[in-house]
Structure formats: structure tokens, C-alpha cells
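First listed ligand is number 1; within each ligand, the first listed atom is number 1.
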Amino acid sequence: MITGEALLKSIAHSQVQEVRSITRIERIGAHSHIRGLGLDDSLEPRAVSQGMVGQKMARKAAGVVLQMIREGKIAGRAVLLAGQPGTGKTAIAMGLAQALGPDTPFTSMAGSEIFSLEMSKTEALTQAIRKSIGVRIKEESEIIEGEVVEMAVERAAGGGGARVGRLTLKTTDMETNYDMGAKMCDSLLKEKVQAGDVVTIDKATGKINRLGRSFARARDYDATGQQARFVQCPEGELQKRKEVVHTVTLHEIDVINSRTHGFLALFSGDTGEIKSEIREQINSRVAEWREEGKSEMIPGVLFIDEAHMLDIECFSYLNRALESDTAPVVIMATNRGITRIRGTNYRSPHGIPLDLLDRMIIVPTSPYSHQELREILNIRCEEEDCQMSSDALTVLTRVATETSLRYAIQLITTASLVAKRRKATEVSMEDVKKVYSLFLDEHRSEQFLKEYQDEFMFNDGSGDAPQLMEVSQ
Ligand SMILES: Nc1ncnc2c1ncn2[C@@H]1O[C@H](COP(=O)(O)OP(=O)(O)OP(=O)(O)O)[C@@H](O)[C@H]1O
Ligand SMILES: [Mg+2]
């Protein structure tokens, strides 16, 4: 197994590129203003930085977790972000992901995702855990790097159309002739290599890469075209050793090696269940690579939002999974108080069993002050390209204090549309008041329902809607 290592890497590589090009088409999402945790070098939170405002204790705690992940030594830690709705739990997790950078795997899922019909709950969790562990594979390859002095391609005498050729390459110190077979000739022609180009040739695969034109030949051609890139003629030996590093996740290796699905499943996401024998084989192979110094493990982060949606089976699976030495750091977030553990009739803090809570460190988040709310709303206005007058922002901050931060953030978009309709460049207090009357917040909606409940269908008439409804099963 794992025969096509090169294949594996090229797939993983193209997949990474694909993800990047998708994120480039930026849309403004709920957390798009968050660009990190906003910490200074000693991991102290700055008041306002990288889109983050206030919530200092939780951010500082996230900074400690960040350091723990970066050091990568301690496996299987779990962190619970617990606090009221809208206090920035998801935002902090997103900030942490940004602070970790693209090289550390960060998998984000909602607790409810495991109830997909395609696979069992434990399989979904196993995949999520394996997506959060990266393997950095080092590979040394021999390449030939030099400037093309001369090249000649001709048809072999009597050979039915096959080409043969000669290539002369030089560095500043030496010059060598190479005989080329048909394949090399074809790829040289395909890459449109000319004399004066600096190229690299991978000795194992024969792949030719054009780095650019040599500076020394810059004046030989006037019409080099706009795209011509000039590079120095390489120094030293023609043959060089080069270390190439690829990062893939354990899950990607699993998928590529599971016969029933094949690597294309990586693109469709339709991976189905993966046999445990395959995982075991891969674990031992990766351990071998590690011992041989060919690869390195990068434990990443698995973020489970709305963790109270997991049920007792998932929690007990996580208990066990956290004890494995290849476990990632698991971060969960919940806004629930003391509530029923899904799948049981027992109640517990955050709806999480006590034995799992005991394995976690809990980071609380608390409601924002007036000033912090104003600052967050201000940042959101900038993010949405919305000019807002100072008194409009004051009104909006009051709305956020009296209703919720989320509702106030929603009003920014709607108010800016109202302002645009009257062809104003700035959102005024009136615009905010108008959208406040057009769109109800949760509290006013409840009042409205109480008033008119008799005219609605399926009304149970009790009249007191609970503040936060329990999710029933
Ligand atoms: N400290 C902060 N700095 C900047 N923006 C914040 C901060 N806290 C929250 N926000 C923004 O406020 C909104 C609500 O926060 P978020 O979604 O993180 O809340 P939450 O704690 O996850 O709530 P819930 O429990 O309902 O999931 C988001 O748009 C978020 O980006
Ligand atoms: Mg959230």
C-alpha cells in the first residue's frame, strides 16, 4: 500500500490550492472581521486588535492554548468555551484558527453534523479527529539545475517518429552534455524550452520546470514578451539535492488508500466509512516514517461548536479518543447551562457528562460592556463598508445593550440598505430607528406573539415562551 506517494502528494497539494482559490472570493460572513486573536508577542491581549475586542480573559486563555498547540507536545487536551449566546465563543475559535496559520490543521464542525445519515456518529468523529492531525512528509529529490546552452531535437534514424536529442546545460562553474530520450524531448518541447532558459529537471520523474530566462542572455532578445522572468545563472554543481516538504492530514491518507473510494472521494467529500484495518496500517506506516525521520506529526485542532448537540455515545467516544497519543487539541463551545445530556435523562452542566468535563479546561466568556459593544459594531460597519454617523452608532449600541449584539449587527446591513435607497452616503440615526421598527428582535417578537396568540395556529395558549428553547429530540 501507499505505493503512489507522489500521487498522494500531488493530490493533496492540488486540493490545498483549490481551497485557497475558493477562499479568495471573499464574502462578508459573521466572523470575516476576525483576523487573529489580537495578542501581543507575550500573548497578552490588546484591547482592540485583529478585529477582536474585549473578552480579554478568554482571549488570553486562547493564547495559552495557542502556545500549547504550537509546541505540539501535549496530546489530547480538551478546552470548553462556555458562555452566553453572542459572547464571542465562535469568534475566538476562528481567531485561534487564523493565529495558527495555514500549516496547522484546524477542523471546524458543528455538534449536529455527526447526525448525518451517511455514516455512523463515531465514524464522523474519527474522520474529524484524523482531519485535525497533519503529517509533514519530507522527501529528498535529486535535480539538475542549469542554464540551457544548446538543445537539439531530431528524429531517430529509422525509428518510427521517435525523437532523440542532446541538451547542454551549464552553471557558472561547469558545463555538461546530456542525451535525451523521446519522453524528455517531448516535455522540453512542451515547456517551450529555448537556449538561455534556466531549467530544473527532476531526475526521478524527468519533470522539467522552467524557472525563467538567464540574466546573461537578457540582451540577446528584444522581444521577450511581458511575462519573461529573469533569473541568475545557477552556481556550483549541476546536480543538486533538494528537500521537498508536503503536508497532508491523516484523513487524506486514509481516503487515498481506501480502495472502495479512491482519491477522487477527497474532492466530492463522499468518503463514506473507512475500514479500521486501513487506519491501523496507516498509523503504523506513519509511525515508521517518523522513526526514519521522513515525516513529522503536526497535531492540530478539532473545534466542535454547539457541543451540547453531541449525545452520550459521542461524549464517551471522545473520552477515549482524547487519551490516544495522536489526539489533536479538541476545543468545544456551548451556550447551554445545566441541561439534559442528549441521549439520557440526566442533567449536567452544559449538557456534557461530568467525566468528560473533568478532562476539560473550561474558559468562560462574559457579556460585553457598552464600550466594547460600540467597538465591535464599529468594526462590523467597516467590514461591511458602511459609513455610520456617530449618533447612529450610539443608538445601535443601545439596541445591542438592550436586545443582543447579533441583532444589532444585523441592523447594520439593513440600515445601510435603507440609507442607500435615499441616496445618502452615511447611515443616520433615522435609518437605524427605521430598521429597528421594521425588524423585530426576539423580545419584541415574543411580545407580539403574546398579544396576538389567539390568531396563530397550533398555539398552546400558555403564553410564556421560554427564553432559550431546549432542543427536543
Ligand atoms: N470579542 C469580539 N470581537 C469582535 N467581534 C466579536 C467579538 N465577540 C463576538 N463578536 C462578533 O459578534 C457576533 C456574535 O459572536 P459569536 O458568534 O462568536 O458568539 P457565540 O458566543 O459563538 O454565540 P452562540 O453561543 O450563540 O454561538 C459574531 O459576528 C462575532 O464575530
Ligand atoms: Mg457560536
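The aromatic rings of Tyr436 and Tyr407 lie perpendicular to each other, with more than 60° between the two planes, well past the 30° mark.
Taking the charged nitrogens against the carboxylate oxygens, Lys294 and Glu139 have no contact shorter than 4.0 Å, which rules out a salt bridge. For the pair Arg444 and Asp441, the salt-bridge criterion is met [side-chain N within less than 4.0 Å of a carboxylate O]. One finds a salt bridge joining Arg35 and Glu383 here, because a Lys/Arg side-chain nitrogen approaches an Asp/Glu carboxylate oxygen to under 4.0 Å.
At a cut-off of 3.5 Å, with distance as the only test, a side-chain donor of Arg374 or Thr394 sits close to an acceptor on the other residue. Remark: the Gln371 side chain and the Glu375 side chain contain no N/O donor-acceptor pair separated by less than 3.5 Å. Side-chain contact annotation: Arg422 with Ser428, donor-acceptor N/O pair under 3.5 Å present. Side-chain contact of Ser112 with Glu306: a donor-acceptor pair under 3.5 Å is absent, judged by distance alone.
Taking only non-hydrogen atoms, the option from Val53, Asp305, Leu405 nearest to atom 1 (N) of ligand 1 is Val53. Considering each of Lys56, Arg380, Arg406, the one bringing a non-hydrogen atom nearest atom 16 (P) of ligand 1 is Arg406. Nearest to atom 28 (C) of ligand 1 by heavy-atom distance, out of Gln84, His31, His308, Gln50, is His31. For atom 5 (N) of ligand 1, the candidate residues are Glu306, Met52, His33; the nearest heavy-atom contact is made by His33.
Per-residue contacts place Asn335 under 4.0 angstrom from the following atoms of ligand 1 (heavy atoms of the residue considered): 24 (P), 25 (O), 26 (O). Within ligand 1, counting atoms from 1 as listed, the ones closer than 4.0 Å to a heavy atom of Pro85 are 23 (O), 24 (P), 25 (O), 26 (O). Numbered from 1 in the order shown, with element, the atoms of ligand 1 that lie under 4.0 Å from a heavy atom of Gly88 read 8 (N), 9 (C), 15 (O), 16 (P), 18 (O), 19 (O), 20 (P), 21 (O). Of all atoms in ligand 1, listed by their number and element, those nearer than 4.0 Å to a heavy atom of Ala91 are 18 (O), 30 (C), 31 (O). Of all atoms in ligand 1, listed by their number and element, those nearer than 4.0 Å to a heavy atom of Ile409 are 12 (O), 13 (C), 29 (O).
Atom 25 (O) of ligand 1 has its closest protein heavy atom at Lys89 NZ, 2.7 Å. The protein heavy atom nearest to atom 29 (O) of ligand 1 is Ala30 O, 2.8 Å.
Heavy atoms of Glu375 stay at 4.0 angstrom or farther from ligand 1.
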